[in-house]
Student: 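Have a look at the structure that comes next, please.
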Amino acid sequence: MTILEAKNILSTGVGRRKSATAFVQIIPGNGEITVNQQPGVNYFHYNSQAVSICRTALEIFESEKSYNLTVVVSGGGLNGQIQAIRLALSKAVSKLDTTKRIKLRSLGLLSRDTRVKERKKYGLKKARKAPQFSKR
């Protein structure tokens with residue numbers, strides 16, 4: 001990111017899901033998404049549905065063609081990253097225009113999904129799966 005771009009940042013947001021963390025910057029533009037310095041379509045393996053899920057907050061207000069998104073995402077899997085980006089973008093949009101916050105909240109886009117994989121316990125095969133018990 002160049003210094004010139006940094007001055008044009010309208011809003012930022014941070015989103016998390018499982019072990020994925022996303023940092024989104026909204027910049028005036030024509031609707032391009034850059035994820036980890038790659039075009040969004042390339043990063044999501046040409047999955048247009050993933051790109052659409054990421055843009056949900058902008059699509060609701062029909063402004064997906066008026067902003068560019070710069071995303072830095074790390075950790076987790078692809079699905080967790082997509083959901084982290086969606087939350088981060090929703091937070092950034094609500095910072096950009098506080099009147100949009102009510103609509104985003106009612107659709108559940110500003111809620112963090114706190115479910116995380118449970119840790120494996122000693123003596124067990126997984127978090128709760130025990131080895132087979134033999135009575136005799």
Student: Return yes if some donor-acceptor pair links the side-chain N/O of Ser90 with the main-chain N/O of Arg86 below 3.5 Å, else return no.
Tutor: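 Checking the backbone N and O of Arg86 against the side chain of Ser90, a donor-acceptor pair under 3.5 Å is found.
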Student: Does the Gln81 side chain pair with the main chain of Thr21, one donor and one acceptor, at a distance under 3.5 Å?
Tutor: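 Not confirmed, Gln81 side chain does not pair with Thr21 backbone.
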Student: Kindly confirm or rule out a cation-pi arrangement of Lys103 over Phe61, judged by NZ or CZ under 6.0 Å from the six-membered ring centre and within 45° of its axis?
Tutor: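 Checked: cation-pi criterion not met.
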Student: Please determine whether residues Leu96 and Ile85 belong to a single hydrophobic cluster, defined as Ile, Leu, Val, Met, Phe, Trp and Tyr linked transitively by side-chain heavy-atom distances below 4.5 Å.
Tutor: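 Looking at the clustering, Ile85 is in the same group as Leu96.
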Student: A side-chain contact here means heavy atoms from C-beta on lying under 4.5 Å apart; do Leu69 and Gln25 qualify?
Tutor: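 SC-SC contact between Leu69 and Gln25 ruled out.
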Student: Check whether any side-chain heavy atom of Ile53 sits under 4.5 Å from a side-chain heavy atom of Phe44, and report yes or no.
Tutor: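 Sidechains of Phe44 and Ile53: no contact.
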Student: Within the supplied structure, the quantity of interest is the number of heavy atoms (other residues, nucleotides, ligands) at a distance under 6.0 Å from Lys120 NZ; does it exceed 12?
Tutor: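 Atom NZ in Lys120 is crowded, with more than 12 foreign heavy atoms closer than 6.0 Å.
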Student: If you compare all heavy atoms of Ala22 against all heavy atoms of Val73, which two are closest, and at what distance to 0.1 Å?
Tutor: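 Looking at all heavy atoms of both residues, the shortest contact is CB-CG2, 4.0 Å.
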Student: Check the hydrophobic clustering (I, L, V, M, F, W, Y; side-chain heavy atoms under 4.5 Å; chains of links allowed) and say if Leu87 and Val24 are grouped together.
Tutor: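 No; Val24 is not reachable from Leu87 via cluster members.
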Student: What distance do Glu118 atom CD and Arg115 atom CZ have between them, rounded to the nearest 0.5 Å?
Tutor: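 If I round to the nearest 0.5 Å, the distance is 13.5 Å.
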Student: From Leu109 CG over to Gln83 CD, what is the distance, rounded to the nearest 0.5 angstrom?
Tutor: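 One finds 11.5 Å between CG of Leu109 and CD of Gln83.
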Student: How many angstroms lie between CG in Leu10 and CG in Asp97, if you round to the nearest 0.5 Å?
Tutor: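 The CG atom of Asp97 is 11.5 Å from CG of Leu10, to the nearest 0.5 Å.
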Student: For the residue pair Ser94 and Leu110, what are the closest heavy atoms and their distance?
Tutor: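 Looking at all heavy atoms of both residues, the shortest contact is OG-CD2, 4.2 Å.
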Student: If I take atom SG from residue Cys54 and atom CD from residue Gln49, how far apart are they, to the nearest 0.5 angstrom?
Tutor: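 The distance works out to 11.0 Å.
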Student: Between Val14 and Ala88, what is the shortest heavy-atom contact and its length?
Tutor: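 Result for this residue pair: C-CB, 3.7 Å.
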Student: Can you check whether Arg55 reaches Ile33 side chain to side chain, under 4.5 Å on heavy atoms?
Tutor: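 Side-chain contact under 4.5 Å: yes.
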Student: Search all heavy atoms of Gly123 against all heavy atoms of Pro131 and return the closest pair with its distance.
Tutor: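 Result for this residue pair: O-CD, 3.6 Å.
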Student: Can you find a heavy atom in the side chain of Val116 that is under 4.5 Å from one in the side chain of Ser19?
Tutor: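 No, too far: nothing below the 4.5 Å cut-off.
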Student: For residues Val93 and Ile26, determine if any side-chain heavy atom of one lies less than 4.5 Å from a side-chain heavy atom of the other.
Tutor: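 In contact.
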Student: Any side-chain to backbone donor/acceptor pair from Asn68 onto Ile27? Under 3.5 Å, distance only.
Tutor: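 Looks like no, no N/O pair under 3.5 Å.
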Student: Can we say Glu62 and Lys65 salt-bridge, meaning some charged N sits less than 4.0 Å from an Asp/Glu carboxylate O?
Tutor: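 Salt bridge absent between Glu62 and Lys65.
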Student: Quick check: do Leu58 and Leu89 have side-chain heavy atoms less than 4.5 Å from each other?
Tutor: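 SC-SC contact between Leu58 and Leu89 confirmed.
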Student: Kindly indicate whether the side chain of Leu107, heavy atoms from C-beta on, has any atom under 4.5 Å from the side chain of Ile60.
Tutor: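 Result yes, sub-4.5 Å side-chain heavy-atom pair found.
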Student: So do Pro39 and Thr34 actually touch side chain to side chain, heavy atoms under 4.5 Å?
Tutor: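 The answer is no; the side chains never approach within 4.5 Å.
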Student: State whether the side chain of Lys91 and the backbone N or O of Gly15 hold a donor-acceptor pair below 3.5 Å, judged by distance alone.
Tutor: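 It does not hold such a pair.
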Student: Report the distance from atom CD of Glu64 to atom OG1 of Thr56, rounding to the nearest 0.5 Å.
Tutor: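 Answer for the CD-OG1 pair, Glu64 versus Thr56, is 10.0 Å.
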Student: Using modelled atom types and a 3.5 Å cut-off, is there a donor and acceptor pairing between side-chain atoms of Asn36 and backbone atoms of Tyr43?
Tutor: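 No, Asn36 side chain to Tyr43 backbone: no donor-acceptor pair under 3.5 Å.
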Student: Output every pair passing salt bridge (Lys or Arg N to Asp or Glu O under 4.0 Å) with a member in residues 13-30, not counting sequence neighbours, ordered by first then second residue.
Tutor: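 As it turns out, the salt bridge (Lys or Arg N to Asp or Glu O under 4.0 Å) pairs with a partner in residues 13-30, which skip direct neighbours, are Arg17-Asp113.
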Student: Considering non-hydrogen atoms only, spot the tightest contact between Ala92 and Ser11 and give its length.
Tutor: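 That would be O-OG, 2.7 Å.
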Student: With a 6.0 Å cut-off (strictly less than), is the heavy-atom count around CG of Leu78, excluding the residue itself, greater than 12?
Tutor: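 For Leu78, atom CG is crowded (more than 12 foreign heavy atoms under 6.0 Å).
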